[in-house]
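Side-chain atoms are counted along with the backbone in the values below, which use heavy atoms only and exclude waters and symmetry mates.
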Amino acid sequence: MPNTLPPRRGRGRPPKIARAPEGTRAMLVRAGVGLLAEKGFSSTCVDDVLNATGISKGSFYYCFNSKEDFGQVLIDSYATYFNAKMDLWLTDRATPPLQRMLNFMQDARAGMMRHHFRRGCLIGNLGQEIDMLPDSFNGLLLTILEGWERRVTDCLLAACGPNPTAAQRRLCARLSRYFWIGWEGAVLRARMEHDAEPLDLFATFFLAQAAAELGTKAPVVTTLPGSPVPPAPGQTAQAAN
């Protein structure tokens with residue numbers, strides 16, 4: 001009668017189970033996004049990512065052809081995440097447009113405080129070192145910023161009624177461009193000072209100017225250090241805490 005028992009396992013540690021490439025790639029991307037949000041691209045090397053994940057260099061280059069290829073994936077991953085966050089706050093039709101803008105800024109503020117101001121905007125970080133980046137990054141970053149500007153423009157246009165004029169469209173586009181130029185500067189200053197005051201200051205003046213230009217009322221910016229983030233659209237205040 002043939003022996004049907006499984007072979008006996010030898011002594012010692014069981015063999016390691018290789019990570020699935022998809023899981024390895026996701027771990028590398030998650031760690032890479034965090035490092036770039038803190039240190040930027042030029043100051044982050046492949047070994048930093050490997051040390052943060054415990055993944056081998058061979059596995060890294062199995063998933064990505066080069067550091068440049070890795071950086072492009074990180075930019076796309078961050079943009080996808082941030083686009084979803086913006087869409088959550090800025091398309092909430094139950095909330096007045098300028099309050100949507102404030103809610104979005106308060107959410108970003110809370111995120112910076114949660115990371116003790118070590119992390120900024122990954123796209124803004126890369127923009128500050130643009131001359132040291134691969135040429136392929138410039139177009140990616142501009143495309144992402146233009147998409148963010150369109151989202152803010154659409155939000156502001158909601159304050160102009162169902163049929164905004166050409167002049168109102170131009171105004172909202174200019175306000176949106178101004179918002180991103182100023183907001184990225186406020187994020188940088190908040191990181192330098194380890195304080196949310198630059199974010200609150202910019203939010204106060206931007207909303208006041210936008211309200212005056214659009215003929216509406218500006219929401220009040222809460223500047224207390226522990227001010228809560230408003231519940232996300234579709235959440236109750238209790239569920240958000």
Side-chain angles (χ1 to χ4, degrees), residues 21 24-86 104-105 107-109 111-152 173-174 176-199 201-202 206:
T24 300
R25 184 182 177 91
M27 289 176 64
L28 290 167
V29 170
R30 185 164 56 250
V33 167
L35 286 167
L36 260 64
E38 288 189 26
K39 300 171 59 177
F41 185 79
S42 301
S43 298
T44 300
C45 63
V46 171
D47 284 344
D48 292 331
V49 182
L50 303 184
N51 291 335
T53 59
I55 293 172
S56 70
K57 186 167 290 188
S59 295
F60 177 89
Y61 285 107
Y62 178 84
C63 296
F64 306 100
N65 294 326
S66 63
K67 183 186 176 185
E68 180 176 351
D69 177 39
F70 183 51
Q72 291 172 350
V73 172
L74 297 184
I75 292 171
D76 182 68
S77 176
Y78 182 85
T80 299
Y81 152 79
F82 204 77
N83 289 347
K85 183 181 286 287
M86 291 184 67
F104 164 70
M105 287 186 278
D107 179 62
R109 178 187 192 275
M112 292 193 71
M113 293 181 67
R114 188 164 55 250
H115 291 286
H116 307 288
F117 298 98
R118 291 193 308 271
R119 294 186 181 183
C121 171
L122 185 147
I123 305 303
N125 288 357
L126 296 181
Q128 294 170 43
E129 52 177 334
I130 192 66
D131 290 337
M132 297 181 287
L133 299 180
D135 291 340
S136 62
F137 284 19
N138 191 70
L140 290 175
L141 297 175
L142 285 175
T143 298
I144 290 166
L145 286 171
E146 289 165 359
W148 292 358
E149 288 178 3
R150 285 194 298 271
R151 284 172 166 82
V152 171
R174 286 173 61 84
S176 174
R177 186 170 174 82
Y178 166 65
F179 171 81
W180 283 111
I181 292 171
W183 178 252
E184 291 293 350
V187 168
L188 172 62
R189 188 66 177 264
R191 288 191 68 195
M192 293 172 65
E193 297 181 2
H194 295 275
D195 193 282
E197 192 271 342
L199 306 177
L201 181 64
F202 175 76
F206 171 80

Say you draw a straight line from CD1 of Ile144 to CD1 of Ile75; how long is it, rounded to the nearest 0.5 Å? 6.0 Å
Between CE on residue Met27 and CZ on residue Phe60, distance to nearest 0.5 Å: 13.5 Å
Test of understanding: with side chain to side chain contact (heavy atoms under 4.5 Å, CB included), list the residues that count as partners of Arg189, not counting sequence neighbours. Glu193, Pro198
Could you check whether any side-chain heavy atom of Tyr61 comes within less than 4.5 Å of a side-chain heavy atom of Val46, counting everything from C-beta outward? yes
Heavy-atom neighbours of Arg118 CZ exceed 12 at 6.0 Å: yes
Determine yes or no for a side-chain-to-main-chain donor-acceptor pair under 3.5 angstrom, with Ser77 supplying the side chain and Val73 the backbone. no
What closest approach, in Å, do Val187 and Cys121 show between heavy atoms, and which atom pair accounts for it? CG1-N, 3.9 Å
Salt bridge (charged side-chain N to carboxylate O under 4.0 Å, His left out) pairs, two or more places apart, involving residues 54-72: Asp47-Lys57
Closest approach of Thr24 to Ser59 (non-hydrogen atoms, all atoms of both residues): CG2-CB, 4.2 Å
Can you list everything that forms a salt bridge (charged side-chain N to carboxylate O under 4.0 Å, His left out) with Arg177? Sequence neighbours excluded, please. Glu149
Straight-line distance of Arg109 CZ to Asp107 CG, nearest 0.5 Å: 11.5 Å
Donor-acceptor check, side chain of Trp148 to backbone of Trp180, threshold 3.5 angstrom: yes or no? no
Can you confirm whether Leu74 sits close enough to Phe64 that some side-chain heavy atom of one is under 4.5 Å from a side-chain heavy atom of the other? no
Residue pair Leu126 / Leu140, side-chain heavy-atom distance below 4.5 Å: no
For Tyr178 against Phe202, the heavy-atom pair lying closest together: O-CZ, 4.2 Å
Please identify each residue that fulfils side chain to side chain contact (heavy atoms under 4.5 Å, CB included) with Arg151, with sequence neighbours left out. Asn83, Met86, Asp87, Leu90
Would you sort out whether Leu133 and Asn138 count as a side chain to side chain contact (heavy atoms under 4.5 Å, CB included), showing the intermediate values? CA-CA 8 Å; Leu133 299 180; Asn138 191 70; over 6 Å; no
Could you state the interatomic distance from OG1 (Thr143) to CG (Asp76), rounded to the nearest 0.5 Å? 11.0 Å
Under the salt bridge (charged side-chain N to carboxylate O under 4.0 Å, His left out) rule, collect the residues that match up with Asp131, sequence neighbours excluded. none
Compare every heavy atom of Val49 with every heavy atom of Ala31, then report the nearest pair and how far apart it is. CB-CG1, 4.4 Å
Report the relative orientation of the aromatic rings in Phe117 and His194; use parallel for angles under 30°, tilted for 30 to 60°, perpendicular for over 60°. perpendicular
Please list, chain by chain and in numerical order, all residues satisfying side-chain hydrogen bond (donor to acceptor under 3.5 Å, both in side chains) with Thr44, sequence neighbours excluded. none
Rounded to the nearest 0.5 Å, how far apart are CG of Leu122 and OH of Tyr81? 11.0 Å
Does Arg119 reach the main-chain N or O of Met112 with its side chain, forming a donor-acceptor pair under 3.5 Å? no
Got a list of side-chain donor-acceptor pairs under 3.5 Å for residues 32-42, not counting sequence neighbours?
| residue | atom | partner | partner atom | Å |
| --- | --- | --- | --- | --- |
| Lys39 | NZ | Ser43 | O | 3.3 |
| Lys39 | NZ | Asp48 | OD2 | 3.0 |
| Ser42 | OG | Glu129 | OE1 | 2.7 |

Suppose we screen for side chain to side chain contact (heavy atoms under 4.5 Å, CB included). Which residues come up paired with Leu188, at least two apart in sequence or across chains? Gln128, Met192
Closest heavy-atom contact between Leu199 and Ala190? CG-CB, 3.9 Å
What's the separation between atom NE2 in His116 and atom CZ in Arg114, rounded to the nearest 0.5 Å? 10.0 Å
Please report the shortest heavy-atom distance between Gln72 and Ser136, naming the atom on each side. NE2-OG, 2.8 Å
Check: Trp183 and Phe206 side chains under 4.5 Å, non-hydrogen atoms: no
